[in-house]
K.L.:
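The structure's right below; bear with me while I get my questions together.
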Amino acid sequence: MAQEYPFNLRDLRRVIAVAEHRSLRQAALALEVDQGTLTRSIQALEHALRIPLFERMRTGARLTAAGMAFTKIAASVLDGMDEAMLHLRLRHNGVVGRFRLGVQVSFASGVVAALLERYQSVCPDVDFQVMDGPRERLLGDVLASRLDAAIVIAGEGWTARAVPLGSERVLAAIARDHPLAARAAVTWPGLSDCLLTLPRRGAGMELRKLALLHGILPERIMFHDAAIDRLLALARHGDKILLITEGATGIRMDGVVFRPVMDISGPTIFDLALCWRDGESDPVLARFIELARYHHEDGASFPGAGAGAGAGDV
(Lines give C-alpha, C1' and ligand atoms only; values in the text may rest on other atoms or scores of the structure.)
Protein backbone atom coordinates (compact mmCIF):
# COMPACT_ATOMS: atom_id res chain seq x y z
CA MET A 1 0.00 0.00 0.00
CA ALA A 2 1.28 3.47 -0.90
CA GLN A 3 2.45 5.57 2.03
CA GLU A 4 0.45 8.74 2.69
CA TYR A 5 2.39 11.85 3.70
CA PRO A 6 1.06 14.80 5.72
CA PHE A 7 2.22 17.41 3.22
CA ASN A 8 1.87 18.44 -0.41
CA LEU A 9 4.09 20.18 -2.95
CA ARG A 10 2.91 23.60 -1.79
CA ASP A 11 4.10 22.81 1.74
CA LEU A 12 7.50 21.77 0.41
CA ARG A 13 7.89 25.00 -1.54
CA ARG A 14 6.94 27.05 1.55
CA VAL A 15 9.49 25.30 3.74
CA ILE A 16 12.22 25.88 1.17
CA ALA A 17 11.25 29.54 0.81
CA VAL A 18 11.47 30.14 4.56
CA ALA A 19 14.80 28.29 4.68
CA GLU A 20 16.21 30.37 1.81
CA HIS A 21 15.00 33.74 3.16
CA ARG A 22 15.52 32.85 6.85
CA SER A 23 12.46 34.96 7.49
CA LEU A 24 8.74 34.20 7.50
CA ARG A 25 7.99 37.75 6.44
CA GLN A 26 10.40 37.75 3.49
CA ALA A 27 9.30 34.27 2.44
CA ALA A 28 5.65 35.34 2.55
CA LEU A 29 6.45 38.32 0.31
CA ALA A 30 8.32 36.10 -2.15
CA LEU A 31 5.49 33.57 -2.23
CA GLU A 32 2.85 36.31 -2.38
CA VAL A 33 0.89 34.88 0.55
CA ASP A 34 -0.18 36.33 3.86
CA GLN A 35 2.45 35.90 6.59
CA GLY A 36 -0.15 34.47 8.95
CA THR A 37 -1.16 31.89 6.35
CA LEU A 38 2.46 30.90 5.85
CA THR A 39 3.07 30.65 9.60
CA ARG A 40 0.02 28.44 10.15
CA SER A 41 1.04 26.24 7.19
CA ILE A 42 4.55 25.67 8.63
CA GLN A 43 3.16 25.02 12.11
CA ALA A 44 0.62 22.51 10.76
CA LEU A 45 3.37 20.69 8.89
CA GLU A 46 5.59 20.56 11.97
CA HIS A 47 2.68 19.24 14.00
CA ALA A 48 1.87 16.57 11.42
CA LEU A 49 5.53 15.51 11.19
CA ARG A 50 6.04 15.84 14.94
CA ILE A 51 9.35 17.45 14.09
CA PRO A 52 10.38 21.10 14.63
CA LEU A 53 11.68 22.41 11.32
CA PHE A 54 12.61 25.96 12.39
CA GLU A 55 13.84 27.81 15.43
CA ARG A 56 11.94 31.11 15.72
CA MET A 57 14.12 34.05 16.65
CA ARG A 58 13.64 37.78 16.75
CA THR A 59 15.89 38.07 13.71
CA GLY A 60 14.07 35.42 11.69
CA ALA A 61 13.76 31.66 11.40
CA ARG A 62 16.64 29.19 11.39
CA LEU A 63 16.46 25.56 10.30
CA THR A 64 16.84 22.86 12.91
CA ALA A 65 18.97 19.81 12.11
CA ALA A 66 15.79 17.94 11.24
CA GLY A 67 14.69 20.93 9.17
CA MET A 68 17.92 20.83 7.17
CA ALA A 69 17.39 17.15 6.39
CA PHE A 70 13.75 17.73 5.48
CA THR A 71 14.66 20.66 3.21
CA LYS A 72 17.12 18.50 1.26
CA ILE A 73 14.42 15.89 0.80
CA ALA A 74 11.90 18.56 -0.23
CA ALA A 75 14.30 20.02 -2.81
CA SER A 76 14.94 16.55 -4.24
CA VAL A 77 11.22 15.84 -4.48
CA LEU A 78 10.50 19.15 -6.22
CA ASP A 79 13.39 18.69 -8.65
CA GLY A 80 12.15 15.21 -9.46
CA MET A 81 8.62 16.48 -9.98
CA ASP A 82 9.81 19.28 -12.27
CA GLU A 83 11.83 16.78 -14.29
CA ALA A 84 8.88 14.40 -14.46
CA MET A 85 6.52 17.14 -15.62
CA LEU A 86 8.99 18.29 -18.27
CA HIS A 87 9.32 14.70 -19.48
CA LEU A 88 5.53 14.40 -19.57
CA ARG A 89 5.18 17.56 -21.66
CA LEU A 90 7.92 16.40 -24.03
CA ARG A 91 6.30 12.96 -24.25
CA HIS A 92 2.97 14.62 -25.04
CA ASN A 93 4.68 16.54 -27.85
CA GLY A 94 6.28 13.35 -29.20
CA VAL A 95 9.90 14.39 -28.71
CA VAL A 96 10.84 11.80 -26.07
CA GLY A 97 9.91 8.15 -25.79
CA ARG A 98 10.60 5.05 -27.87
CA PHE A 99 9.96 4.51 -31.56
CA ARG A 100 10.43 1.13 -33.28
CA LEU A 101 10.62 1.33 -37.07
CA GLY A 102 11.00 -1.44 -39.64
CA VAL A 103 12.59 -0.54 -42.98
CA GLN A 104 12.47 -2.87 -45.96
CA VAL A 105 14.80 -1.03 -48.32
CA SER A 106 18.36 0.15 -47.91
CA PHE A 107 18.62 3.67 -46.52
CA ALA A 108 22.28 4.52 -46.94
CA SER A 109 20.94 7.41 -48.99
CA GLY A 110 17.73 8.40 -50.75
CA VAL A 111 14.15 9.10 -49.71
CA VAL A 112 14.18 7.04 -46.50
CA ALA A 113 17.59 8.27 -45.41
CA ALA A 114 16.49 11.89 -45.80
CA LEU A 115 13.34 11.26 -43.73
CA LEU A 116 15.20 9.47 -40.93
CA GLU A 117 17.89 12.14 -40.80
CA ARG A 118 15.21 14.81 -40.57
CA TYR A 119 13.36 12.95 -37.83
CA GLN A 120 16.45 12.40 -35.71
CA SER A 121 17.38 16.07 -35.99
CA VAL A 122 13.90 17.09 -34.81
CA CYS A 123 13.57 14.40 -32.09
CA PRO A 124 17.11 13.58 -30.93
CA ASP A 125 15.92 12.35 -27.52
CA VAL A 126 13.61 9.64 -28.85
CA ASP A 127 14.91 6.09 -28.35
CA PHE A 128 14.89 5.34 -32.09
CA GLN A 129 15.19 1.64 -32.96
CA VAL A 130 15.40 0.37 -36.56
CA MET A 131 15.19 -3.18 -37.88
CA ASP A 132 15.13 -4.53 -41.43
CA GLY A 133 13.42 -7.47 -43.05
CA PRO A 134 11.11 -8.53 -45.86
CA ARG A 135 7.82 -6.72 -46.39
CA GLU A 136 5.47 -9.42 -45.09
CA ARG A 137 7.38 -9.88 -41.86
CA LEU A 138 7.65 -6.16 -41.16
CA LEU A 139 3.94 -5.61 -41.75
CA GLY A 140 3.16 -8.60 -39.54
CA ASP A 141 5.28 -7.08 -36.78
CA VAL A 142 3.38 -3.80 -37.17
CA LEU A 143 0.03 -5.59 -36.88
CA ALA A 144 1.27 -7.38 -33.75
CA SER A 145 2.57 -4.05 -32.32
CA ARG A 146 6.12 -5.39 -32.19
CA LEU A 147 6.91 -2.43 -34.43
CA ASP A 148 5.29 1.00 -34.33
CA ALA A 149 5.60 1.51 -38.08
CA ALA A 150 7.34 0.19 -41.18
CA ILE A 151 8.61 1.71 -44.41
CA VAL A 152 7.98 -0.81 -47.17
CA ILE A 153 7.51 -1.12 -50.91
CA ALA A 154 3.88 -0.26 -51.58
CA GLY A 155 1.70 -3.17 -52.61
CA GLU A 156 -1.25 -5.34 -51.76
CA GLY A 157 -2.07 -6.59 -48.30
CA TRP A 158 -2.18 -3.28 -46.46
CA THR A 159 -5.13 -0.95 -46.92
CA ALA A 160 -5.24 1.26 -43.82
CA ARG A 161 -2.99 3.59 -41.86
CA ALA A 162 -0.50 4.37 -44.61
CA VAL A 163 1.02 7.41 -46.28
CA PRO A 164 3.12 7.52 -49.47
CA LEU A 165 6.76 8.52 -49.11
CA GLY A 166 7.84 8.80 -52.74
CA SER A 167 9.66 6.42 -55.02
CA GLU A 168 13.12 5.02 -55.68
CA ARG A 169 14.52 3.61 -58.90
CA VAL A 170 15.64 0.05 -59.37
CA LEU A 171 19.35 0.03 -60.23
CA ALA A 172 21.85 -2.52 -61.45
CA ALA A 173 25.18 -2.60 -59.61
CA ILE A 174 27.74 -3.63 -62.22
CA ALA A 175 31.51 -4.18 -62.19
CA ARG A 176 33.19 -1.26 -63.91
CA ASP A 177 34.85 -3.55 -66.49
CA HIS A 178 31.58 -5.35 -67.35
CA PRO A 179 30.31 -4.64 -70.91
CA LEU A 180 27.02 -3.23 -69.57
CA ALA A 181 28.89 -0.64 -67.48
CA ALA A 182 29.60 1.37 -70.64
CA ARG A 183 25.87 2.07 -71.07
CA ALA A 184 23.99 4.97 -69.50
CA ALA A 185 21.19 2.60 -68.52
CA VAL A 186 20.28 -1.05 -68.87
CA THR A 187 17.04 -2.73 -69.93
CA TRP A 188 15.36 -5.87 -68.71
CA PRO A 189 15.93 -7.65 -72.04
CA GLY A 190 19.58 -6.60 -71.79
CA LEU A 191 19.78 -8.35 -68.39
CA SER A 192 18.16 -11.56 -69.58
CA ASP A 193 21.47 -13.32 -70.29
CA CYS A 194 23.12 -12.11 -67.08
CA LEU A 195 23.32 -13.77 -63.67
CA LEU A 196 21.38 -11.59 -61.26
CA THR A 197 22.16 -11.43 -57.55
CA LEU A 198 19.53 -10.37 -55.02
CA PRO A 199 19.56 -9.89 -51.26
CA ARG A 200 17.27 -12.38 -49.56
CA ARG A 201 16.22 -9.82 -47.00
CA GLY A 202 14.80 -6.39 -47.61
CA ALA A 203 13.59 -5.76 -51.14
CA GLY A 204 14.90 -9.04 -52.53
CA MET A 205 11.55 -10.76 -53.02
CA GLU A 206 9.98 -7.73 -54.73
CA LEU A 207 13.02 -7.42 -56.99
CA ARG A 208 12.69 -11.09 -57.92
CA LYS A 209 9.00 -10.67 -58.77
CA LEU A 210 9.89 -7.67 -60.89
CA ALA A 211 12.61 -9.56 -62.75
CA LEU A 212 10.31 -12.51 -63.46
CA LEU A 213 7.59 -10.14 -64.64
CA HIS A 214 10.04 -8.75 -67.19
CA GLY A 215 11.01 -12.15 -68.55
CA ILE A 216 14.10 -13.01 -66.54
CA LEU A 217 14.29 -16.78 -66.10
CA PRO A 218 14.23 -18.07 -62.51
CA GLU A 219 17.49 -19.94 -62.99
CA ARG A 220 19.23 -16.64 -63.78
CA ILE A 221 18.34 -15.25 -60.32
CA MET A 222 20.29 -16.07 -57.16
CA PHE A 223 19.53 -15.05 -53.58
CA HIS A 224 22.26 -14.39 -51.02
CA ASP A 225 21.92 -14.10 -47.25
CA ALA A 226 24.37 -11.22 -47.04
CA ALA A 227 24.36 -7.49 -46.47
CA ILE A 228 24.35 -5.10 -49.42
CA ASP A 229 28.00 -4.09 -48.96
CA ARG A 230 29.10 -7.72 -49.26
CA LEU A 231 26.94 -8.24 -52.32
CA LEU A 232 28.47 -5.15 -53.88
CA ALA A 233 31.88 -6.65 -53.29
CA LEU A 234 30.74 -9.79 -55.13
CA ALA A 235 29.52 -7.68 -58.03
CA ARG A 236 32.86 -5.87 -58.19
CA HIS A 237 34.87 -9.07 -58.64
CA GLY A 238 32.63 -11.13 -60.89
CA ASP A 239 30.19 -11.21 -63.77
CA LYS A 240 27.12 -11.20 -61.52
CA ILE A 241 24.89 -8.14 -61.51
CA LEU A 242 23.27 -7.01 -58.27
CA LEU A 243 19.78 -5.48 -58.36
CA ILE A 244 19.22 -2.85 -55.67
CA THR A 245 16.92 0.00 -54.75
CA GLU A 246 18.28 3.48 -55.10
CA GLY A 247 18.96 4.04 -51.42
CA ALA A 248 21.79 1.49 -51.52
CA THR A 249 23.91 3.78 -53.71
CA GLY A 250 25.01 5.56 -50.54
CA ILE A 251 27.27 2.54 -49.93
CA ARG A 252 30.48 3.37 -51.75
CA MET A 253 32.29 0.53 -53.48
CA ASP A 254 35.28 1.10 -55.75
CA GLY A 255 35.00 -0.71 -59.06
CA VAL A 256 31.18 -0.73 -59.09
CA VAL A 257 28.88 1.53 -61.07
CA PHE A 258 25.12 1.90 -60.78
CA ARG A 259 22.87 1.98 -63.82
CA PRO A 260 19.09 2.55 -63.83
CA VAL A 261 17.03 -0.37 -65.10
CA MET A 262 14.60 0.80 -67.78
CA ASP A 263 11.27 -0.66 -68.84
CA ILE A 264 9.04 0.44 -71.70
CA SER A 265 7.76 3.48 -69.78
CA GLY A 266 11.07 4.68 -68.37
CA PRO A 267 13.06 3.93 -65.22
CA THR A 268 11.72 1.02 -63.20
CA ILE A 269 10.66 2.34 -59.81
CA PHE A 270 9.27 1.16 -56.50
CA ASP A 271 6.78 3.31 -54.62
CA LEU A 272 7.47 3.46 -50.90
CA ALA A 273 4.91 3.80 -48.12
CA LEU A 274 4.90 4.28 -44.37
CA CYS A 275 2.49 1.88 -42.64
CA TRP A 276 1.75 2.02 -38.92
CA ARG A 277 -0.04 0.18 -36.16
CA ASP A 278 -3.37 1.11 -34.65
CA GLY A 279 -2.36 3.76 -32.15
CA GLU A 280 -2.02 7.24 -33.58
CA SER A 281 -2.82 8.52 -30.09
CA ASP A 282 0.79 7.62 -29.23
CA PRO A 283 2.45 11.06 -29.51
CA VAL A 284 5.82 9.65 -30.63
CA LEU A 285 4.21 7.67 -33.44
CA ALA A 286 1.95 10.59 -34.36
CA ARG A 287 4.98 12.89 -34.56
CA PHE A 288 6.76 10.56 -36.99
CA ILE A 289 3.63 10.21 -39.16
CA GLU A 290 3.21 13.98 -39.23
CA LEU A 291 6.84 14.48 -40.22
CA ALA A 292 6.56 11.80 -42.92
CA ARG A 293 3.55 13.56 -44.41
CA TYR A 294 5.33 16.92 -44.43
CA HIS A 295 8.46 15.29 -45.85
CA HIS A 296 6.47 13.82 -48.74
CA GLU A 297 4.58 17.06 -49.39
CA ASP A 298 7.89 18.93 -49.49
CA GLY A 299 8.74 16.79 -52.51
CA ALA A 300 11.77 15.18 -50.89
CA SER A 301 13.35 12.80 -53.36
CA PHE A 302 16.61 11.07 -54.08
CA PRO A 303 19.24 13.77 -54.57
CA GLY A 304 20.99 12.03 -57.47
CA ALA A 305 20.78 13.34 -61.01
CA GLY A 306 19.30 11.61 -64.03
CA ALA A 307 20.19 8.38 -65.79
CA GLY A 308 23.28 9.58 -67.61
CA ALA A 309 26.53 7.64 -67.43
CA GLY A 310 28.23 10.20 -65.22
CA ALA A 311 25.32 10.42 -62.78
CA GLY A 312 25.29 6.66 -62.25
CA ASP A 313 29.00 6.28 -61.50
CA VAL A 314 30.19 5.81 -57.94
Side-chain angles (χ1 to χ4, degrees), residues 83-155 158-171 199 201-203 206 227-229 244-252 269-304:
E83 183 177 346
M85 293 305 296
L86 174 61
H87 183 87
L88 182 61
R89 286 192 293 270
L90 293 174
R91 180 75 176 80
H92 175 73
N93 293 328
V95 296
V96 299
R98 184 179 68 168
F99 184 62
R100 302 161 300 176
L101 178 69
V103 182
Q104 181 185 4
V105 297
S106 175
F107 54 93
S109 58
V111 172
V112 180
L115 171 60
L116 300 189
E117 181 179 355
R118 189 172 184 178
Y119 177 70
Q120 290 182 289
S121 69
V122 172
C123 302
D125 295 321
V126 170
D127 179 10
F128 186 42
Q129 302 173 8
V130 180
M131 66 173 293
D132 65 354
R135 183 177 188 273
E136 289 74 14
R137 195 188 78 195
L138 293 179
L139 292 180
D141 285 343
V142 171
L143 283 173
S145 294
R146 290 186 291 270
L147 290 173
D148 297 305
I151 295 174
V152 298
I153 295 170
W158 189 272
T159 58
R161 301 186 301 276
V163 62
L165 292 182
S167 61
E168 289 192 352
R169 295 177 298 173
V170 174
L171 302 179
R201 302 182 67 178
E206 280 70 20
I228 293 294
D229 60 336
I244 59 171
T245 53
E246 197 158 10
T249 59
I251 304 172
R252 301 292 173 173
I269 62 171
F270 278 135
D271 293 322
L272 302 179
L274 171 69
C275 306
W276 60 89
R277 63 177 172 81
D278 184 13
E280 287 185 69
S281 58
D282 181 336
V284 175
L285 173 57
R287 185 67 178 269
F288 188 85
I289 296 168
E290 177 186 33
L291 189 62
R293 286 195 172 107
Y294 287 153
H295 191 74
H296 178 59
E297 291 170 1
D298 285 347
S301 61
F302 187 76

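For the numbers below, each heavy atom of this structure counts, side chains included, while hydrogens, waters and symmetry mates do not. Being a predicted model, the structure only gives us computed values, none of them experimental.
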K.L.:
Is any side-chain heavy atom of R287 less than 4.5 Å from a side-chain heavy atom of V126?
P.N.:
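Result no, sub-4.5 Å side-chain heavy-atom pair not found.
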
K.L.:
Can you tell me if R135 uses its side chain to pair, donor with acceptor, with the backbone of I153 under 3.5 Å?
P.N.:
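Indeed, once roles are kept as given, a pair shorter than 3.5 Å links the two residues.
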
K.L.:
Hey, can you tell me if Y119 and F288 have their rings parallel, tilted or perpendicular (30° and 60° cut-offs)?
P.N.:
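Y119 vs F288 ring planes: perpendicular.
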
K.L.:
Would you name the heavy atoms of P199 and I228 that are closest together and state the gap between them?
P.N.:
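Shortest heavy-atom separation between P199 and I228 comes out as CG-CD1, 4.0 Å.
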
K.L.:
Identify the heavy atoms of V152 and C275 that sit nearest to each other, and give their distance.
P.N.:
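So the minimum-distance heavy-atom pair works out to CG2-SG, 4.1 Å.
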
K.L.:
Can you name the salt bridge (Lys or Arg N to Asp or Glu O under 4.0 Å) partners of R201, sequence neighbours left out?
P.N.:
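So R201 forms a salt bridge (Lys or Arg N to Asp or Glu O under 4.0 Å) with D132.
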
K.L.:
Measuring from atom CZ of F107 to atom CG of L116, what distance do you get when rounded to the nearest 0.5 angstrom?
P.N.:
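Atom-to-atom, F107:CZ and L116:CG are 6.0 Å apart.
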
K.L.:
Pair D278, R161 - check side chain to side chain contact (heavy atoms under 4.5 Å, CB included), show working.
P.N.:
CA-CA 8 Å; D278 184 13; R161 301 186 301 276; 4.0 Å; yes

K.L.:
For residues V284 and G97, report the shortest heavy-atom separation together with the two atoms involved.
P.N.:
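The answer is CG2-CA, 4.0 Å.
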
K.L.:
Can you sort out the partners of R100 under side-chain hydrogen bond (donor to acceptor under 3.5 Å, both in side chains), two or more places apart, ordered by chain and number?
P.N.:
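side-chain hydrogen bond (donor to acceptor under 3.5 Å, both in side chains) list for R100, sorted by chain: D148.
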
K.L.:
For the backbone of P134 and the side chain of Q104, can you confirm whether one donor and one acceptor N or O come within less than 3.5 Å of each other?
P.N.:
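Flag not set: sc Q104 to bb P134 has no pair under 3.5 Å.
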
K.L.:
As an exercise, state the distance from CG of L147 to CD of Q129, rounded to the nearest 0.5 Å.
P.N.:
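One finds 9.5 Å between CG of L147 and CD of Q129.
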
K.L.:
Thinking salt bridges, do R146 and D141 make one under a 4.0 Å N-O criterion?
P.N.:
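Salt bridge flag = yes for D141 with R146.
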
K.L.:
Can you tell me how far the CG atom of L285 sits from the CD atom of E290, to the nearest 0.5 Å?
P.N.:
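Going from CG on L285 over to CD on E290, the span is 11.5 Å.
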
K.L.:
Could you check whether any side-chain heavy atom of I251 comes within less than 4.5 Å of a side-chain heavy atom of I244, counting everything from C-beta outward?
P.N.:
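Heavy-atom side-chain distance check fails, nothing below 4.5 Å.
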
K.L.:
With rounding to the nearest 0.5 Å, note down the distance linking CD in Q120 to CG in L291.
P.N.:
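Taking CD in Q120 and CG in L291, the distance rounds to 11.0 Å.
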
K.L.:
Please report the closest heavy-atom contact between L101 and F99, naming both atoms and the distance.
P.N.:
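Here L101 and F99 meet closest at CB-CE2, 3.8 Å.
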
K.L.:
Could you pull out all residues at least two apart from E136 that satisfy side-chain hydrogen bond (donor to acceptor under 3.5 Å, both in side chains)?
P.N.:
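side-chain hydrogen bond (donor to acceptor under 3.5 Å, both in side chains) list for E136, sorted by chain: empty.
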
K.L.:
In a check of side chain to side chain contact (heavy atoms under 4.5 Å, CB included) between F270 and each of R169, E206, E168, which one passes?
P.N.:
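The single option meeting the side chain to side chain contact (heavy atoms under 4.5 Å, CB included) with F270 is E206.
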
K.L.:
Where do S106 and T245 come nearest, in terms of heavy atoms and distance?
P.N.:
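What the structure gives for the nearest pair is N-OG1, 4.0 Å.
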
K.L.:
Can you name the nearest heavy-atom pair linking S167 to V111, along with the distance?
P.N.:
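Between these two residues, the closest heavy atoms are O-CG2, 3.7 Å.
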
